[in-house]
Amino acid sequence: MPVHDVKVAVIYYSSTGTIAELAQLIADAAEHAGADVRLRRTAELAPQTAIDANPAWAANAKATADILEATHEDMLWADAVIFGTPTRFGNVTSQLKQYLDMLGGLWQQGRLADKVYSGFTASATPHGGQESTLLALYNTVHHFGGILIAPGYTDPAKFTDGNPYGTSHVGGPETPLDDPARTAARIQAVRVVKFTKAIKHGLSQAS
């Protein structure tokens, strides 16, 4: 078994469950690759009436109720953070964005810098804003002074799913995750752990 010498937080928002499933896959793969992992969800902002009106949304809220909500401490704990969000008009969901926006104090103190970051997403339609969502998410990483680790085309399987920016999936509650998305999740998690280990140990030797 690999040595678990880095800490990875998988912090996500999911409405109807696709991102929640991807988050679990990424968390499991990161742990298998040698990381201590925290799986966290961001707080829900939508009114309960909206959630109850969508059976898949209500079912996912119930199924993930035992997953702890992300706090500032999770960011401080982590050597690497992998963010997950559905695409909303080609952008990050308000639920994840609020979490990011509330990190201003830690950012100002420089406590979010020099960590590894990466992201994953999903949309209901092909070309539904997946790449622009991840690029928008990564704007925040640059402001943090973070180290962005995207999957790129570093594995032959990436030419199947075709998204070098991060794991993505087209579908919803009635379109289960396919094998390319599952493979992409594993590739991304392993790559994040690999470079987090290299960066963490390299910085410790340099200091």
Side-chain angles (χ1 to χ4, degrees), residues 8-33 35 37-46 48 50-70 81-96 99 118-137 150-193:
V8 175
V10 181
I11 299 176
Y12 74 94
Y13 172 74
S14 182
S15 53
T16 57
T18 300
I19 293 296
E21 188 174 357
L22 278 174
Q24 186 66 65
L25 287 170
I26 288 172
D28 291 344
E31 184 173 23
H32 187 73
V37 178
R38 287 186 183 182
L39 180 63
R40 298 290 189 266
R41 59 183 175 86
T42 59
E44 180 60 81
L45 302 179
Q48 191 64 43
I51 298 170
D52 293 340
N54 185 326
W57 197 348
N60 180 60
K62 182 178 180 180
T64 59
D66 61 336
I67 296 176
L68 296 177
E69 287 190 1
V81 184
I82 308 176
F83 291 116
T85 175
T87 175
R88 293 290 186 268
F89 304 113
N91 213 323
V92 177
T93 57
S94 58
Q95 289 88 346
L96 180 62
Y99 177 77
S118 200
F120 59 100
T121 191
S123 63
T125 57
H127 311 294
Q130 294 181 348
E131 292 181 355
S132 64
T133 295
L134 291 174
L135 290 171
L137 172 64
Y153 292 106
T154 57
D155 186 285
K158 291 302 296 176
F159 290 92
T160 299
D161 75 78
N163 192 339
Y165 302 97
T167 299
S168 61
H169 175 67
V170 177
E174 298 177 358
T175 310
L177 293 181
D178 54 19
D179 287 340
R182 292 175 178 275
T183 300
R186 178 187 58 79
I187 290 169
Q188 185 170 8
V190 170
R191 184 168 168 82
V192 166
V193 172

- Message: Distance check, rounded to the nearest 0.5 Å: Ile187 atom CD1 versus Asp155 atom CG?
- Response: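 Result: 3.5 Å between the selected atoms.
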- Looking only at heavy atoms, what is the nearest atom pair of Ala35 and Val193, with distance? CB-CG2, 3.9 Å
- Message: Give me the atom names and distance for the closest heavy-atom approach of Pro173 to Ala56.
- Response: CG-CB, 3.4 Å
- Rounded distance (nearest 0.5 Å) linking atom CD of Gln24 with atom OG of Ser14: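 Going from the CD atom of Gln24 to the OG atom of Ser14 covers 12.0 Å.
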Donor-acceptor pairs under 3.5 angstrom involving side-chain atoms of residues 120-128: please list them, not counting sequence neighbours.
from	atom 1	to	atom 2	distance (Å)
Thr121	OG1	Thr85	O	2.6
Ser123	OG	Thr125	O	2.8
Ser123	OG	Gln130	NE2	3.1

- Indicate the atoms forming the closest heavy-atom contact of Tyr153 with Pro164, along with that distance.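 Result for this residue pair: OH-CD, 3.4 Å.
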- Applying side chain to side chain donor-acceptor pair (under 3.5 Å) between Thr167 and each of Arg182, Gln188, Arg186, report the one that passes.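 Only match with Thr167 under side chain to side chain donor-acceptor pair (under 3.5 Å): Gln188.
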- Do Thr16 and Asn54 have side chains that get closer than 4.5 Å, going by heavy atoms?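 Thr16 vs Asn54: side chains touch.
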- Item | All salt bridge (charged side-chain N to carboxylate O under 4.0 Å, His left out) counterparts of Glu44, not counting sequence neighbours | none
- Item | Full working for side-chain contact (heavy atoms from CB on, under 4.5 Å) between Phe83 and Tyr99 | CA-CA 11 Å; Phe83 291 116; Tyr99 177 77; 4.3 Å; yes
- Task: Search all heavy atoms of Asn163 against all heavy atoms of Lys158 and return the closest pair with its distance.
- Result: O-NZ, 2.8 Å
- Can you list the steps and then say if Thr175 with Val170 is a side-chain contact (heavy atoms from CB on, under 4.5 Å)? CA-CA 8 Å; Thr175 310; Val170 177; over 6 Å; no
- For Arg38, what residues pass the salt bridge (charged side-chain N to carboxylate O under 4.0 Å, His left out) criterion, not counting sequence neighbours?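 Testing Arg38 for salt bridge (charged side-chain N to carboxylate O under 4.0 Å, His left out), a comparison that skips the adjacent residues, returns Glu73, Asp74.
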- Message: Quick check: closest heavy atoms across Ala181 and Leu22, and the distance to 0.1 Å?
- Response: O-CD2, 4.2 Å
- Nearest-0.5 Å distance, CG of residue Leu177 to CD1 of residue Ile19: 8.5 Å
- Query: Rounded to the nearest 0.5 Å, how far does CD1 of Ile51 lie from NZ of Lys62?
  - Reply: 14.0 Å
- Give, for atom OG1 of Thr154 and atom CZ of Arg191, the distance between the pair rounded to the nearest 0.5 Å.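 It is 4.5 Å, given to the nearest 0.5 Å.
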- Message: Restricting to non-hydrogen atoms, name the atom on Thr133 and the atom on Val92 that form the minimum distance, rounded to 0.1 Å.
- Response: O-CG2, 3.9 Å
- Rounded distance (nearest 0.5 Å) linking atom CZ of Arg41 with atom CG of Asn60: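 Going from the CZ atom of Arg41 to the CG atom of Asn60 covers 9.0 Å.
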- Message: Among Thr64, Thr42, Leu96, which residue satisfies the side chain to side chain contact (heavy atoms under 4.5 Å, CB included) criterion with Tyr12?
- Response: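 Single side chain to side chain contact (heavy atoms under 4.5 Å, CB included) partner of Tyr12 among Thr64, Thr42, Leu96: Thr64.
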- Message: Can you tell me if Gln48 has over 12 outside heavy atoms packed within less than 6.0 Å of its CD?
- Response: yes
